[in-house]
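Beneath this line is the structure, given in structure tokens, with notes to follow.
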Amino acid sequence: MALRSIITAPDPRLKLVSEPLSEVGDEIRRLMDDMLETMYAAPGIGLAAVQIGVPKRVIVMDLAKEKEGEPHKPLFFVNPKLLWAADERVLCEEGCLSVPDLYEEVERPVRVRVSYLDYFGKAQEVEADGMLAVCLQHEMDHLEGTLFIDHLSRLKREMMLKKLIKARKAAEREEVE
Ligand code: NI
């Protein structure tokens with residue numbers, strides 16, 4: 001396994017629409033292993049392949065509460081497809097490893113049903129609510145080149161992007177000095 005670097009907004013590579021996979025082989029499992037390690041190290045609870053510069057329809061997630069000695073509960077979604085979404089919507093605060101340290105409430109369907117291929121390429125279906133529903137929709141957005149800040153007003157989004165650019169410039173200056 002290897003750590004990959006996570007791309008942050010407003011990098012145009014985050015706007016790419018990810019390609020579906022024809023099968024889940026060893027190469028994709030290696031990618032998922034790398035993504036998981038990168039996500040745990042960040043730390044984060046979800047990561048799409050496009051966030052490490054690989055525009056393929058692959059998502060890793062782990063919503064288990066971090067506890068000393070508790071085993072990880074990784075989830076893998078390849079080619080996820082939205083089958084159904086509830087009319088009822090809910091506001092939930094979201095963050096993103098590609099939008100570091102910024103959080104904002106986003107409104108989404110409270111419940112979704114999604115089909116996908118798992119780590120071994122087996123077809124699966126899940127009906128999700130709560131955090132899983134929010135996280136799945138957030139990560140599936142990444143596959144379409146959409147960030148959670150794209151759901152906000154233009155004014156809010158531009159303010160957040162300005163903050164990101166400022167923070168990155170400050171970090172770069174620190175590295176030089
Ligand atoms: Ni994200």
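Both counts, for ligands and for their atoms, begin at 1 and track the order of listing. Quick caveat: nothing in here was measured; it's all calculated off a predicted structure.
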Could you name all protein N, O or S atoms found under 2.8 Å from the Ni ion (ligand 1)?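 Protein N/O/S atoms under 2.8 Å of the Ni ion (ligand 1): Cys96 SG, His138 NE2, His142 NE2.
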
Check whether Ser98 reaches the backbone of Gln51 with its side chain - one donor and one acceptor, N or O, closer than 3.5 Å. no

Using modelled atom types and a 3.5 Å cut-off, is there a donor and acceptor pairing between side-chain atoms of Glu37 and backbone atoms of Ala2? yes

Residue pairs involving residues 43-64 (criterion salt bridge (charged side-chain N to carboxylate O under 4.0 Å, His left out); sequence neighbours excluded): Arg57-Glu144

Sidechain N-carboxylate O distance under 4.0 Å for Arg29, Asp26: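 Yes, Arg29 and Asp26 are salt-bridged.
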
Please determine whether the number of non-hydrogen atoms from other residues, nucleotides or ligands lying under 6.0 Å from atom CD of Glu174 exceeds 12. no

Parallel, tilted or perpendicular: rings of Tyr119 and Phe76 (30°, 60°):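 Phe76 vs Tyr119 ring planes: tilted.
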
